Amino acid sequence: MSFPDFSPTNPNVQWQRFCDLNWFHGGLGIWLDISRMQFNSTELEELTPSVVKAFQAISELEGGAIANKDENRQVGHYWLRSPDLAPDIESRENLVRQIEDIETFGSDVLTGVIKTPNGEKFTDVLWIGIGGSGLGPLLMVKALQEFGSGLSFHFLDNVDPLGINKTLQSIGDKLKTTLVVTVSKSGGTPEPKLAMEKSRSYLEKVGGQWPGQSVAITMINSKLDNLAKSENWLKRFDLPDWVGGRTSITSAVGLLPGALIGINIRQFLSGAAQMDEASRVPSLRNNPSALLAASWFLAGNGVGKRDMVVLPYRDQLEVFSRYLQQLVMESLGKRNNRDGEIVSQGISVYGNKGSTDQHAYVQQLRDGLDNFFVNFVEILEDSNRDNSLPKDKLGDYLSGFLQGTRSALTQGSRNNLTITMVRLDPPRLGALIALFERAVGLYAEMINVNAYDQPGVEAGKLAAAEILDLQEQIKELLKDGVPRTVDQISKALGKDSNESIFLILRHLCFNDKSFSSEGDWQFPATLRFSKQN
Ligand code: PA5
């Protein structure tokens, strides 16, 4: 069915496009409106063959194909919310068992059946994990925790010494009654490992007992798993190899925080499963994830020419743009396509929330560079779930601001689309996440990149390890107390990395009293560095 061409100013045309392109899911109460993206009927139609191919690829992936050929593994995050789809019985049974296990553990912690080793009720959660092991849990808590419900959450997702100290100090004595959850799929990522060591020393200083307060979420037999086993930690949850970090929110990684804030995790999974189901419809015009992927494709000519600006009009979804930033950019941002050709693909994602951002960068969106499309997220119900708060006009204003910005952008011929949900609750958050996960999967197929590896992340981990190794070599060399220039150090170590050596030494000089420099920082090559013992 064709629809009229986009018009920035003609309200009748806009209305007709709105009606023609409207997608709605009655069970979930979710709408998708792509009518203000500027493609025409023919352009959308022409994408059909590539979308049909993408449907086929996703269906093979759901059937258990090796989707991530680089890492020779299956990609099964869709099975997490529909265990029946898992290709083998063992995975199916494990998934069902783990959901029950998480539910029981969460409820036992909340009701005090499971207590701290000192016999007290747990009050707080310290969540340690980075990337997919940190962002999903953060989103769950920010989006779904209701006032006064569940435990208080604190997150460590970095090795910033000041940040870690501040968080641990803010918990203070309550570390004794804090459940510490360390998440690392690989079990060897340095950031969570270091954060864990630091937290452990704080916790033990205030009289806590680490093993009896600790939970690990990781792959079986990883370093973290082995540590947890050998020390008999309070609980371990398994992360299957076929769950990627950025798509792990419907695994224990997202379910455990859900259970610990007291939400119904089955409803969360059911919302995701319903969106998966809707996104299996093999028709571009009736499949929300395909419509989303096609809109991104057409807005950016299939090469990511336009950035995705994520603007949810709800404080609870403030983290959503960061969450999507990882999901989209780590999945699609690839140098090579699957045939090994250099394609330098990706879509840049940024955003925060409305209406706040209207008073920041939205000025440029309306009047400046046209290098983006906006993804609005609208929540219809203004009050909380039980409707106990009196109706006030704040929500009317928020809605008015969204509509106003949507109109202003449209009048300026700026691409925008809107996802509307009746309310923000566990099933709808699950559905929203599934919608984007599947759109990313389809888009990746359309541009022929592997959405499930992250060579750039791995390269960063390796490069950091090399720098730390170089730092140790510099320390060893300078132990003799002889002042040396960067060039002399570089030659003595047989390296060709003057700049790295300078950067390491500059950091050491400002943090380790035994290191000093002679000369002028303006002229790095003339400085002489030494170490006093
Ligand atoms: O999405 C990903 O795969 C990454 O961002 C990982 O989540 C991140 O690097 C953390 O890895 P791990 O969970 O193994 O510690």
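Each ligand, and each atom within it, is numbered from 1 in the order the structure gives. Just so you know, these numbers come straight off a predicted model, no measurement behind them.
- Ring planes of His77 and Tyr452: tilted class, angle from 30 to 60°.
- Ring geometry, His25 versus Trp23: the interplanar angle falls from 30° to 60°, so the pair is classed tilted.
- In summary, the atoms of ligand 1 found under 4.0 Å from a heavy atom of Gln454, numbered by their order in the structure, are 3 (O).
- Using a 3.5 Å distance cut-off with no hydrogens or angles, the side chains of Gln213 and Gln209 do not pair a donor with an acceptor.
- Aromatic ring pairs are classed by plane angle as parallel below 30°, tilted from 30° to 60° and perpendicular above 60°; the pair Phe155 and Trp127 is tilted.
- Nearest-heavy-atom check against atom 14 (O) of ligand 1 across Ser331, Gly129, Ser186, Ser133 picks out Ser186.
- Geometrically, Arg314 does not engage Phe320 in a cation-pi contact, judged by NZ or CZ lying under 6.0 Å from the ring centre and within 45° of the ring axis.
- Ring geometry for Tyr313 against Phe376 counts as tilted: the plane angle lies between 30° and 60°, on a 0 to 90° scale.
- Looking at atom 2 (C) of ligand 1, its nearest protein heavy atom turns out to be Glu330 OE1, 3.0 Å.
- Remark: ligand 1 atoms within the under-4.0 Å shell around heavy atoms of Thr189 are 11 (O), 12 (P), 14 (O), 15 (O).
- Residue Gln326 places a heavy atom less than 4.0 Å from ligand 1.
- The option from Gly132, Gly134, Gly136, Ser222 that lies nearest to atom 6 (C) of ligand 1, judged by heavy atoms, is Gly132.
- Ligand-side atoms of ligand 1 in range of Ile130: 7 (O), 8 (C), 10 (C), range being under 4.0 angstrom from any heavy atom.
- Among all protein heavy atoms, the one lying closest to atom 9 (O) of ligand 1 is Lys461 NZ, 3.4 Å.
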